[in-house]
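Below, read A as the first sequence line, B as the second, and so on, with proteins coming before strands; counting in each chain starts at 1.
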Amino acid sequence: MPIKIYNTLSRKKELLQPLEENHVKLYVCGITSYDYCHIGHARSALVFDMVVRYLRYQGYAVTFVRNFTDVDDKIIARAAEQGVEPVVLAQRFIHEFYTDMDELGVLRPDIEPRATEHIQEMISLTRDLIDKGLAYPAGGDVYYRVGKFADYGKLSGRNLEDMQAGARIEVNAQKEHPMDFALWKKAKPGEPKWASPWGEGRPGWHIECSAMSRKYLGDAFDIHGGGKDLIFPHHENEIAQSCGASGKSFANIWMHHGFVTIKDEKMSKSLGNFLTIRDVLRQYPAEVLRLFIFSTQYRNPLDFTENALRDARTGLDRIYECLAMVASLPDGREGEASIVLKKDRKKLLNLKDRFDQAMDNDFNTAQALGFLFDAIKVMNKIGRLLPDVPAAQDVELLQSAGNTVQEVSDILGVAGRDPQQYVEGKKKKLLASIDISEEEINRLIRQRDEARKKKDWAASDVVRDQLLAHNIELHDGPEGTSWDVKS
RNA sequence: GGCGACGUAGCCAAGUGGUAAGGCAGUGGUCUGCAAAACCAUUAUUCAGCGGUUCAAAUCCGCUCGUCGCCUCCA
């Protein structure tokens, strides 16, 4: 099945047709490492993690490059505040980033280039642009001449005139045009600097992605991704640089994911409404966060609420509980009649196809999850209806559906733990949170049983309420009374 | 001011021309001494509003209202 991806450049869904047969080359803009990462960064990492996993599952070889911006104004400013060297600060937060990514179970990209290790490539790209008349040095800086690049504004759907009308850009006397942007910045005292044909300085932000994507993926590659906020100016400028220098096309498909919002407003440092990844991970396991992120299609905004996270946790429990049920199924017997309805059997057999279809349609994880939960509902129903000696074909159906659930969950990076251990582990964790011993619970249950035998319901209910006060709930079943910690 | 996205049940969210997936919550049922839990079933004559195109529209077109984003560093 062909995979369709929404391309920001054409504003349409397009067929993924890799330049190289069966090999997808993907470049994603990574973080500027000067602080802990927030949930928005987690969405970016998780979305592309899912994309890479899905493409590989569909048989593509994927070369995935994601950079680190480790020299930049914000890093320099923050380092100065803290009285450390910028490189030290950048290195520290790259380390913190890895801690978060590992906790989230994000697969490492194949190549993770750092800006400071590619200064020569940036200088040479800048020189190419000057040679072509697309850039000019001015007072130790080098600027890109946007007016010379005909397609400038094509990605973000703007033109130079409109942008100037509402521009809040400080006028820089050195620039020929207010929208010209820096490829190279002259060093100020005390800042990190490298030698260049234009004097000591450091690269501009946009040039690093052009230089590093060219080095590792070539002039043209398949997919370039990032958050919607990078469309302008970052990606627009990358296109101007890369296409300008190579005279060829650059990335074929531009993928941009939506923001994480809080109370429907973009999460950002300036608004002060951001949550770091570790803030959230303290309260919810990574798999819950993943399920939350994938509960909406990647291009839509995603509002962060306690309620949404709780829903995600309930959903994760459902997946694990279903898988645990399948794992504890008895052996079936050949020749027994099936109790499974034809339409339910079909639903289970079609799960993989439906999942793939949703994912092929611009990675519609929300729809894919809908199909997954639909199948789980059917599996639970069958599991409950199954007689003590079930038909072999019914057991096989559930086991095969369980395998499919496991397989598609892996693509989303959820349900990676042993389901029976998960269910037990959850119980243990709840057990640790109660203030009563198991002996005491069992003693009270025996006491209640005595009362119940005498049909002394009042006394029986007193015990039940007593246990409930300790968050213990009782289940009276045909085989006696069991108990659970209320979640 | 320019450009763009979005508006589907109490909440979240699919659906992109053929008569509204899924989840959470709610309601009913099974079970129970009564409960709880679990499971089963069920929940939008209707898709912000108004017009238009069409045999047929949540889906296409136009206008209105509302929300958000980009135009400055930002995932």
Would you say [X] reaches [N]'s phosphate, i.e. side-chain N/O to OP1/OP2 under 4.0 Å?
X: Arg310(A); N: G23(B); answer: no
X: Lys381(A); N: C39(B); answer: no
X: Asn300(A); N: A14(B); answer: yes
X: Lys266(A); N: A75(B); answer: no
X: Thr296(A); N: A14(B); answer: yes
X: Arg464(A); N: A35(B); answer: no

Exercise. Heavy atoms under 4.0 Å, any strand shown: does Gly227(A) hit a base, just sugar-phosphate, or nothing?
Worked result: sugar-phosphate

Exercise. Which part of the nucleic acid does Phe371(A) contact within heavy-atom distance under 4.0 Å: base, sugar-phosphate only, or nothing?
Worked result: nothing

Problem set entry | Base-pairing mate for C39(B) - Watson-Crick or G-U, with both contacts under 3.5 Å |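 In the structure as shown, C39(B) has G29(B) as its Watson-Crick or wobble partner.
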
Problem set entry | Any strand: nucleotide that pairs with C68(B) via Watson-Crick or wobble, under 3.5 Å | G4(B)

Problem set entry | Exercise: do Tyr27(A) and Glu238(A) side chains pair donor with acceptor under 3.5 Å | no

Problem set entry | Distance-only polar pair, side chains of Ser328(A) and Gln420(A), donor-acceptor under 3.5 Å | no

For this session: Whole angstrom is fine here: how far is it from CG in Asp72(A) over to C1' in U72(B)?
Result: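 The distance from CG of Asp72(A) to C1' of U72(B) comes to 14 Å, rounded to the nearest Å.
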
Exercise. Which residues in residues 36-49 of chain A have at least one heavy atom lying under 4.0 Å from any atom of RNA chain B?
Worked result: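 Heavy-atom contacts with RNA chain B come from His38(A), Gly40(A), His41(A).
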
